[in-house]
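Here is how names work: the chains are called A, B, and so on, in the same order as the sequence lines, proteins then strands, and each is numbered from 1.
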Amino acid sequence: MLSLEQIVRDPEKIRAALVRRGEDPPIERILELDTSRRELIQQVDADRARRNAVSKAIGDEKRKPTAEEISEMRETGERIKLVEADLDGVQTELNEALLPLPNTPLSDVPDGLNEDSNEIIHTSDGPTESHGNAHWDVAPALGILDLEAGASISGARFFVLKGKGAKLQRALAAWMLDVHTNEHGYTEIDPPLLVRPETMLGSGNLPKFRENLYHDDETDLWLVPTAEVALNALHQGKIIDPGVLPLKYVAQTPSFRKEHAAAGRDVRGIKRVHQFEKVEMFRFVEPQDSEAVLEEMLGEATTICERLGLTYRVLKLCAGDIGFQSAMTYDIEVWSPGSAEWLEVSSISTCTDFQARRNNTRYRPEIGASTRLPHTLNGSGLALPRTWIAVIENGLQDDGSVVIPEEIVPYTGWDRIEAAP
RNA sequence: GGAGGGGUGGCAGAGCGGUUGAAUGCGCUUGUCUUGAAAACAAGUAUGUCCGUAAGGGCAUCGCAGGUUCGAAUCCUGUCCCCUCCGCCA
């Protein structure tokens, strides 16, 4: 959520920032609503102050109220209720206007309304040739991926990993978690995957993106589309004590996405599926640190690509392509020699104070100081099926076997997936 | 699923419907004392919001939502969560 205070203070600045994203925010309406909100608050507070004063006087004097007082206070009470109802309506409308507004992009974010304007800011050394053996052909032949079984169990865009394929994914995830916890200082978290509507609201997934989320009607719980949702909520409604920030969390969880918007795209293989594993990094930091931390997290994710021997590139997303809650995002893509394309394996964003405000997560900079909103950052480190694809396709040998990256061998216990007989 | 108990400030823990935003203790901050520290003593110590340049003042909040009342932390209804016991179960 954007700061109402900031919108009121500098409406044109906020409007301009949102226009960069292709939004047309109802700024005038918000300003109107805020004005009447303030008026109504003043009215109702004055009446309540009057009522409190009379009641207190009666109490202090240990006497019965007079008939006159009773009728006046009844009248005041009625008026309070009426104005409260008005105020409630205004607050609700204001919320409904504010909640669908996305975060404002940082000035560093390139202009542009779609992915064509994203800037490639770095491409690693390494091969970018194609051998044409895509994972959807190679992996089933090796007996490590069963797309038909996924479809028959659950439907399109579900898959089954088998044998060394399943273990490779587990090994990759375990290794990534170890790198982030042991070398990057993250605390490992195993969060719930079903979350309450308030939690989805806090991360920015609701109310706008409900059509992409799985939901259980009976319990009104939502399946997380990323661990970010749960990690972001770890301190909701809480004040983080002085000296505690920065907080660094990492979790490996499944992510559940309906992918309605992407119907027809990436339908072959496991590039885009309804359920996938992902290692997610998440940080709560002091505002002045967030821009530097974004770069740091980018490094933590690219390290993973490098150590797996994958060719990758880094994109700085343009204003129109960053996520709803993001103020600035880097995407990391790895080269798939099988399908001759770049696969997005990580998205690293700063959400500035946008999520903290929605979640009512605050921190106290020092003892006795007033509370402030921390900045939140999230980044995949990395998404597993696409990393798995790249590892398989990159490790593919002329004899049909697949060589596993050296770093992963201690986790798999073997260094090669044998060619199919 | 059945039966009972409970949700109050950072924590513990009081609170006859009326000077209770809330006793008391602990913790924390500052000050006095001390070479320094401890102890002791004194003062302070919730969050949000509105008005105000500020000083300051108003309002709201005792899980949450309603209701009764001139007045609700205290009474009533609903709801969520936690604990204990029984049942069931990975």
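Looking only at side-chain heavy atoms (C-beta outward), A/Trp136 and A/Ser339 come within less than 4.5 Å of each other. Annotation: side chain of A/Asn360 is not in contact with side chain of A/Gln236 (no heavy-atom distance under 4.5 Å). Contact check for A/Glu259 versus A/His274: side-chain heavy atoms found under the 4.5 Å cut-off.
When both distances must be under 3.5 Å, the Watson-Crick or G-U wobble mate of B/G17 does not exist. The pairing partner recorded for B/G44 is B/C28, the criterion being a Watson-Crick or G-U wobble arrangement whose two distances lie under 3.5 angstrom. Pairing partner, B/A23: none, since no Watson-Crick or wobble contact has both distances short of 3.5 Å. Base pairing annotation: B/C85 forms a Watson-Crick or G-U wobble pair with B/G2, both donor-acceptor distances under 3.5 Å. In this entry B/G56 has B/C51 as its Watson-Crick or G-U wobble partner, both defining distances falling under 3.5 Å. When both distances must be under 3.5 Å, the Watson-Crick or G-U wobble mate of B/A38 does not exist.
For the C1' atoms, the distance from B/A40 to B/C59 is 41 Å, rounded to whole Å. Spacing between B/A46 and B/C11 at atom C1', rounded to whole Å, works out to 13 Å. Nucleotides B/G71 and B/G57 place their P atoms 26 Å apart, quoted to the nearest Å. Nucleotides B/G4 and B/G10 place their P atoms 33 Å apart, quoted to the nearest Å. Between B/A22 and B/G13, the two C1' atoms lie 13 Å apart (nearest whole Å). Spacing between B/C62 and B/A54 at atom C1', rounded to whole Å, works out to 33 Å. Using P as the reference atom, B/G56 and B/C64 are 30 Å apart when rounded to the nearest Å. Taking the P atoms as reference points, B/G66 lies 11 Å from B/U61, given to the whole Å.
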Could you run through nucleotides 43-55 of chain B and give me one letter per nucleotide, 5' to 3': B if any protein heavy atom sits under 4.0 Å from the base, S if only the sugar-phosphate is that close, - if neither? ----SSSSS----
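Both A/Asn52 and A/Lys64 lie close to RNA chain B; mapped to their nearest nucleotides by heavy-atom distance, the more 5′-ward contact belongs to A/Lys64.
The CG atom of A/Asp178 sits 12.0 Å away from atom NE2 of A/His184, with the distance rounded to the nearest 0.5 Å. Here the CD1 atom belonging to A/Ile14 is positioned 5.0 Å from the CD atom belonging to A/Gln6, to the nearest 0.5 angstrom.
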Pick out the pairs of N or O atoms, protein on one side and nucleotides 71-76 of chain B on the other, that lie under 3.5 Å.
| unit_1 | atom_1 | unit_2 | atom_2 | d |
| --- | --- | --- | --- | --- |
| B/G71 | O4' | A/Ser55 | OG | 3.0 |

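Residue A/Lys81 contributes atom NZ, which lies 13 Å from atom C1' of B/C70 at whole-angstrom precision. B/C70 atom P lies 18 Å from atom CZ of A/Arg48, rounded to whole Å.
A/Gln325 places no side-chain N or O within 3.5 Å of a backbone atom of A/Gly204 that could act as its donor or acceptor partner.
In this structure, the side-chain contact (heavy atoms from CB on, under 4.5 Å) partners of A/Lys13, at least two apart in sequence or on a different chain, are A/Asp10.
Between the side chains of A/Arg283 and A/Tyr186, at least one donor-acceptor pair of N or O atoms lies under 3.5 Å.
Among all heavy-atom pairs drawn from A/Leu294 and A/Thr350, the shortest one is CD1-N, 3.7 Å.
No contact: A/Lys238 has no heavy atom under 4.0 Å from any strand.
Ring planes of A/Phe354 and A/Phe324: perpendicular class, angle over 60° (limits at 30 and 60°).
Side-chain proximity of A/Ile70 to B/C59, B/C70, B/U68: nearest is B/C70.
Annotation: side-chain hydrogen bond (donor to acceptor under 3.5 Å, both in side chains) contacts involving residues 138-167 of chain A, sequence neighbours excluded, are absent. Applying the ring-ring contact (aromatic ring centres under 6.0 Å, His included) test to residues at least two apart or on different chains, the pairs with a partner in residues 216-262 of chain A are A/His215-A/Trp222, A/His235-A/Tyr249, A/His235-A/Phe284.
Between A/Arg74 and B/C70 there is a side-chain N or O to OP1 or OP2 distance below 4.0 Å.
Of all the residues in residues 187-207 of chain A, not one reaches under 4.0 Å from RNA chain B with any non-hydrogen atom.
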